[in-house]
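Reviewing the structure listed below.
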2 protein chains.
Amino acid sequence: MQAKYKTVADDIEKQVLSGLFSDTRKLPTEDELIEIYAVSRNTIRNAIDVLVRKGIIIPIQGSGMFLRSLFSDDCVNLENFLGLTKAFPNKKIGTKVLEFKEIEADEKLAYIMQCDVGTPIHYIERLRLVDNVPYVIEYSYYNKLLVPYLNMEILRGSIYAFITSDPKKQLGYVDRVIRADVLNQHDAEILGLKAGDPTLISENRAMLKSGVIFDYSIDIHNYKNTKFLKLSNFT
Amino acid sequence: MQAKYKTVADDIEKQVLSGLFSDTRKLPTEDELIEIYAVSRNTIRNAIDVLVRKGIIIPIQGSGMFLRSLFSDDCVNLENFLGLTKAFPNKKIGTKVLEFKEIEADEKLAYIMQCDVGTPIHYIERLRLVDNVPYVIEYSYYNKLLVPYLNMEILRGSIYAFITSDPKKQLGYVDRVIRADVLNQHDAEILGLKAGDPTLISENRAMLKSGVIFDYSIDIHNYKNTKFLKLSNFT
DNA sequence: TATAATTTGTCCGTATGTATA
DNA sequence: TTATACATACGGACAAATTAT
């Protein structure tokens, strides 16, 4: 059973994406939404908060709640990033599994993943393609104690979607460190680029709702087709 | 007069940074905070929300509110990015103004900044240094109708701090598109790097609380010392 | 294993303040 | 100035997850 405010937020988002408010670029007022969804003001405001955090709307006191105009297409919105499949729903996502084996966490990995040395870890290398163009190489480590079962079938799709399909394993937090660097020969070949070319790198730690780290991954992005979008609110 | 929940949030953040909760890595409970600050539960929860969005704490239902452990130092946290001065309070920030002139918005710039063609614009090029090492070249455009007055003195410090010192000009929203690219000869020389090296680029639009764009800027970062940190919540 | 206590999450109602139109 | 619409703040009640007993 989902929370009311989440249901309302999802519904409003759907309507925004369907273009229902494209003419005025303005949402109904809070009071109107209270009537429409027959919930309290608090619940509407919680729903609105979700949409504001996602970068979908900008509420302006005394005026109304406006659609946030975004200029950049083909961007990965860092706010709702839950894998390529959701980021590019209208594009063809391809996946090539380059490596899949079980390893044990050494001292360094154990520190990063906040687990004990020797913890069994799924190690995976994947090349992801968007519309058949190499997009990113993912080097990822999953804590096997938290994600016991993975197979090739799952690896070819969305690993996150699989893990969070278990209601006990809700995605909680993701830390990402983003930087640029020089592409090495190995990665350049896989991405179809040249050694020495730039690359956009994202190093990620993903935690469940309980705060435990279940995934650590390093994403080596094709700089020619990767753009991240960060929408901040200071209100 | 600042809102209560913001005052409370600032106070708790200060205490966190001072190391007050370093031993348990846990905040007082909501009920305790209600007593301490003598405000309603709602107000405390609003304050907590601010800290969660900033990536400072992780609340876990049934358990408590824990400090979020961050691994990466020297990162710019995209969540609270308000200029280098605040991002690196303990480091020496240097600024070299390379260019400062008034221009008129052409069609392209007018589109980007959502203003009329011919609008007067401050055009500024700055090199920013952190601990005397070149950190970023900023090419920025300020709408002169919204930011009438700038001078060299201001440009050598924090432009944002100056603008938002006017209570009528509160910073509202910032959109950032982040990507990697190849450094050109001109920028490489200024940053003390080589043409062809990678660079981390951030293209930004900053809006006031009223939603109007007052600043558009392109930041060419030194890839050797720039890392962005993105903390996401999916709860 | 089961129960109770603790702690955060959701939801409701109401009142007043503040910015905009 | 007045009306509109979002922002802040207070209060209470119950649900859900975790921790202690």
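Note on naming: letters A, B, ... go to the chains in the order of the sequence lines (proteins, then strands), and numbering restarts at 1 for each one.
- Y5(A) places its OH atom 14 Å from the P atom of dA16(D), with the value rounded to the nearest Å.
- Note that SG of C115(B) and CD1 of I121(B) are 4.5 Å apart. Values are rounded to the nearest 0.5 Å.
- Listed nucleotides: dT10(C), dC10(D), dA15(D). Nearest to the side chain of Q61(B): dA15(D).
- Of the two residues contacting DNA chain C, namely F66(A) and N46(A), the nearest-nucleotide position lying further toward the 5' end is that of N46(A).
- The only option from Q15(B), E13(B), K14(B) that meets the side chain to side chain contact (heavy atoms under 4.5 Å, CB included) definition with L17(B) turns out to be E13(B).
- F228(B) and F228(A) have their aromatic ring centers separated by at least 6.0 angstrom.
- Atom CG of D31(A) and atom P of dG13(C) are 13 Å apart (whole Å).
- Note: CD (E30(B)) to P (dG12(D)) measures 16 Å, nearest angstrom.
- What separates OH of Y37(B) from P of dT8(D) is a distance of 18 Å, to the nearest Å.
- The interatomic distance linking I34(B) (CD1) with dG11(D) (P) rounds to 9 Å, in whole Å.
- Of the candidate nucleotides dT10(C), dA7(D), dT8(C), dA7(D) has the atom lying nearest to any side-chain atom of P59(A).
- The side chain of V39(B) lies closest to dC10(D) when the candidates are dC12(C), dT18(D), dC10(D).
- Nearest nucleotide to the side chain of T29(A), out of dC6(D), dT20(C), dC11(C): dC6(D).
- The side chain of K6(B) sits closest to dT8(D) out of dG11(D), dT8(D), dT18(D).
- Place Q170(A) and K4(B) on DNA chain D by their nearest nucleotides, and K4(B) ends up nearer the 5' end.
- For the pair I58(A) CD1 and dC6(D) C1', the interatomic distance rounds to 14 Å; values are reported in whole Å.
- Proximity of the aromatic rings of Y141(B) and H122(B) is defined here by a centroid distance below 6.0 angstrom, and this criterion is not met.
- Side-chain N/O atoms of S63(B) include one lying less than 4.0 angstrom from OP1 or OP2 on dT19(D).
- In this structure, I48(A) reaches neither bases nor backbone, as no heavy-atom distance under 4.0 Å exists between it and the strands shown.
- Here dT1(C) sits opposite no nucleotide as a Watson-Crick or G-U wobble pair (both hydrogen-bonding atom distances under 3.5 Å).
- For D31(A) and T29(A), the side-chain atoms include no donor-acceptor pair closer than 3.5 Å.
- Residue R41(B) is the one, among R41(B) and K209(A), whose nearest nucleotide of DNA chain D lies closer to the 5' end (criterion: closest heavy atom).
- Atom CD in Q2(A) sits about 16 Å away from atom P in dG9(C), given to the nearest Å.
- When the C1' atom of dT10(C) is taken as reference, atom CZ of R45(A) falls 16 Å away, rounded to whole Å.
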